[in-house]
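Here's the structure we're looking at; comments come further down.
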Amino acid sequence: MALSTQPYKGARDFYPEDKRLQKYMFGKLRQVAESFGYEEYDAPILEPLELYLAKTGEEIVTEQTYVFEDRGERKVVIRPEMTPTVSRMVAAKRQELAYPLRWYSIPNLWRYERPQKGRLREHWQLNVDIFGVAGIEAEYEIIQLADQIFKSFGAQADMYTIKLNSRKLMDHLLGEYLGFDDVQQLSIAKLIDRMHKISTADFATQLDALCSPSQREAGVDTKLQDILAAKQFQQLPDDLQQHPSVQQLQMVLTRLKDAGVTNAMFDITIMRGFDYYTDIVFEVVDNDPTNNRSMLGGGRYDGLVGLFGVEPVPTVGFGFGDVTLAEFLKGHNLLPQMPTETDLYIVFVGDSLQKSQKIIADLRGMAVNVAVDLSGKKLGDQFKSADKKGITYALVIGEKELAEERFTLKNLKSGTEEQHSLERIVSIVKDRRQQND
RNA sequence: GCGGACUUAGCUCAGUUGGUUAGAGCGUCGGGUUGUGGUUCCGAAGGUCGGGGGUUCGAGACCCCUAGUCCGCCCCA
């Protein structure tokens, strides 16, 4: 049995054309984050198991992460997410950092589960966080940044929707307002989370099953369904409209609108899991019905840094996975041509390779990316090879060119061919590269 | 962890109710007289039909197991 050439389950090989796409996407992400003053950080891919146990149940950690014992008998996890790590880093330097702290990273993350559409075992995820701002200015800035990412890829406002909700609102609604106990709240929250996946009738049935007989009698379940049908704040009962969390959501949405973000809306069904979020949560979903899933998600988590035994630091952040981003870009036809980094492919007539070494070095010295044909094949095959690599320009060097110090530059896309000095060739080749950027 | 579909050449696939040496297109390689490719012409290589077991005179096809891929569920950081 021969060795398998497949990559590990749920992980991807990045051939140069795949890596080019990744470089393009990450480049834009970095550019936008940095334009808002966010600084890039990184951390080890391994973390001690305890870091995740503190925040999540043991089951989810041991069943859905890569966890193992190292040679020193330490329990180690390959990080499934970045938030605990960045919280740890901030806590470690709690006193000496300048707030508000604006950080971002594009970590490689792993989760142990069965791969499916838009969800692999290994992926990259942009993480953007702002630390030290208790007010909604933080939400406003972070969501604006998220929106700017989509715009930077050329997305139109009708291609995606930014949905906001508040965990405080939901806690108040399910707890004080409707009177569900803690266990019920958790189950109902999970039910609401997958509300869009099931039919209204199924939702009603499952909700009914979670209510006590007296709650059913009082019509609590229908009351909740009515509220969940609300598309705007005005459709909420007056009591809820007066709740501070609603006021805050309204303010964030108003500010976003003023900033030209027209596709942000209130969506009471957005739950964002159920772990560390403490207040406003948000998601960006693809409007393409065939990819109707959340691409980017985040919210406020004011409690995490404090878990490390330091004064808590209010935080708002989001994560944005590379797989869902790529699907969005493909689905909406937003991917540009991504040419190779190689500017020039040098082909030889006869045995001129050795005599051309200085010319090649000079070209590289002038910041041209030069690949040299070493095949010794006939000229036509050398052109074929350059074209297959996607390189636009081929430079022919033979006895004639070496003697005249004028070289034949062939554009392989158009088929045209001209003789120029080395300096002229450098400027032509660089012009083309700038047009692509 | 559970369920469904799929797996034939490097890639995309065809292969009739089980019947001789398993096919196509694209790609790859070689050639069409030694300084011009991507279009064309000629030719070639390339497959224990995912792996193992079974039924049968005979299996790419039928049955069982197993691996992998994809799609759902659970879960979602």
Side-chain angles (χ1 to χ4, degrees), chain A residues 1-2 4-12 15 47 51-57 59-66 77-87 107 109-121 123 125 127 129 189-191 193-194 197-198 270-277 281 283 290 293-299 301 304 317-321 323-324 345 347-352 373 375-402 407-419:
Chain A
M1 184 75 180
S4 171
T5 56
Q6 284 184 333
Y8 175 75
K9 189 184 184 77
R12 293 161 287 169
Y15 286 87
E47 289 280 5
L51 182 65
Y52 303 99
L53 292 180
K55 185 201 91 170
T56 345
E59 262 187 48
I60 192 168
V61 175
T62 50
E63 282 177 16
Q64 302 207 18
T65 62
Y66 282 84
V77 172
I78 304 180
R79 64 186 177 199
E81 58 163 332
M82 200 58 167
T83 306
T85 299
V86 71
S87 301
L109 308 173
W110 288 78
R111 54 189 156 208
Y112 195 91
E113 61 177 356
R114 199 122 160 209
Q116 50 184 297
K117 190 175 168 67
R119 231 173 129 75
L120 302 172
R121 286 183 169 183
H123 71 133
Q125 188 190 60
N127 276 249
D129 296 278
K190 286 187 174 181
L191 184 59
D193 200 32
R194 55 190 168 89
K197 285 185 177 180
I198 58 181
I270 297 295
M271 299 304 292
R272 294 299 307 150
F274 217 57
D275 42 17
Y276 47 65
Y277 292 111
V281 290
E283 285 183 1
T290 63
R293 55 169 54 241
S294 121
M295 298 182 280
L296 176 157
Y301 53 103
L304 262 192
F318 68 79
F320 189 6
V323 181
T324 45
Y345 192 78
V347 301
F348 300 98
V349 177
D351 190 21
S352 11
D373 190 284
S375 70
K377 288 187 181 175
K378 60 185 185 185
L379 195 54
D381 288 334
Q382 298 185 58
F383 282 131
K384 208 189 278 186
S385 178
D387 191 48
K388 192 169 180 186
K389 290 172 193 291
I391 301 168
T392 302
Y393 285 111
L395 188 70
V396 184
I397 303 184
E399 292 299 334
K400 199 171 65 185
E401 285 82 359
L402 287 169
F407 301 89
T408 306
L409 183 69
K410 177 160 184 149
N411 184 320
L412 292 166
K413 307 273 194 249
S414 65
T416 56
E417 187 172 293
E418 300 167 327
Q419 270 75 37

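Nothing here was measured: the structure is a model prediction, and the numbers come from that model. Both backbone and side-chain heavy atoms feed into the values below; hydrogens, waters and symmetry mates do not. Just so it is clear: chains get the letters A, B, ... in the order the sequence lines come, proteins before strands, and each one is counted from 1.
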Please state how far atom [atom1] in [X] lies from atom [atom2] in [N], giving the value in whole angstrom units.
| X | N | atom1 | atom2 | answer |
| --- | --- | --- | --- | --- |
| A/K384 | B/U28 | NZ | P | 7 Å |
| A/E81 | B/C75 | CD | C1' | 14 Å |
| A/L304 | B/A77 | CG | C1' | 11 Å |
| A/K197 | B/C76 | NZ | C1' | 9 Å |
| A/Y112 | B/C74 | OH | C1' | 16 Å |
| A/Q116 | B/C74 | CD | P | 10 Å |
| A/E113 | B/C75 | CD | C1' | 7 Å |
| A/Q64 | B/A77 | CD | P | 11 Å |

Is it the case that the base of [N] and the side chain of [X] share a donor-acceptor contact (distance under 3.5 Å, atom types as modelled)?
| X | N | answer |
| --- | --- | --- |
| A/K378 | B/U34 | no |
| A/Q6 | B/U69 | no |
| A/R114 | B/G3 | yes |
| A/E417 | B/G35 | no |
| A/D387 | B/G37 | yes |
| A/R272 | B/C76 | no |

Among the nucleotides [options], which one has an atom lying closest to any side-chain atom of [X]?
| X | options | answer |
| --- | --- | --- |
| A/E401 | B/G35, B/A77, B/G72 | B/G35 |
| A/P80 | B/A77, B/U69, B/G37 | B/A77 |
| A/K410 | B/G72, B/U36, B/A77 | B/U36 |

If we take the [atom1] atom in both [N] and [M], what is their distance in whole Å?
| N | M | atom1 | result |
| --- | --- | --- | --- |
| B/A14 | B/G25 | P | 16 Å |
| B/A24 | B/G46 | P | 14 Å |
| B/C62 | B/U55 | C1' | 8 Å |
| B/G23 | B/U16 | P | 14 Å |
| B/G47 | B/C13 | C1' | 14 Å |
| B/U66 | B/G4 | P | 13 Å |
| B/C63 | B/C70 | C1' | 24 Å |
| B/C2 | B/A77 | P | 24 Å |

Worksheet item: Charged N to carboxylate O below 4.0 Å: is that the case for A/R119 and A/E113?
Response: yes
Practice prompt. Work out which heavy atom in A/G390 is nearest to a heavy atom in A/K413; give both atom names and the distance.
Written response: O-NZ, 3.4 Å
Mind checking if [X] touches a base, just sugar-phosphate, or nothing, with heavy atoms under 4.0 Å?
| X | result |
| --- | --- |
| A/G415 | base |
| A/R79 | nothing |
| A/K389 | nothing |

Write down the partner of [N] under the Watson-Crick or G-U wobble criteria, each distance required to be under 3.5 Å.
| N | result |
| --- | --- |
| B/C6 | B/G68 |
| B/U17 | none |
| B/G1 | B/C73 |
| B/A24 | B/U12 |
| B/A59 | none |

Worksheet item: Can you tell which of A/R12, A/R111, A/K9 makes a side-chain contact (heavy atoms from CB on, under 4.5 Å) with A/L120?
Response: A/R12
Fill in: Toward the 5' end of RNA chain B, by each residue's nearest nucleotide, A/K388 or A/M82
A/K388
Worksheet entry | Nearest-nucleotide comparison on RNA chain B, the residue closer to the 5′ end among A/V396 and A/G10 | A/V396
Item to complete: Scan side-chain atoms only and decide if A/E47 and A/T85 contain a donor-acceptor pair under the 3.5 Å cut-off.
Response: yes
Worksheet item: Without hydrogens or angle criteria, can the side chains of A/E401 and A/T408 be said to hold a donor-acceptor pair below 3.5 Å?
Response: yes
Worksheet item: What is the ring orientation for A/Y277 with A/Y301, classed by angle as parallel under 30°, tilted 30 to 60°, or perpendicular over 60°?
Response: perpendicular
Worksheet item: Parallel, tilted or perpendicular: which describes the rings of A/W110 and A/Y66, with under 30° parallel and over 60° perpendicular?
Response: perpendicular
Discussion item. For the backbone of A/F348 and the side chain of A/Q382, can you confirm whether one donor and one acceptor N or O come within less than 3.5 Å of each other?
Written reply: yes
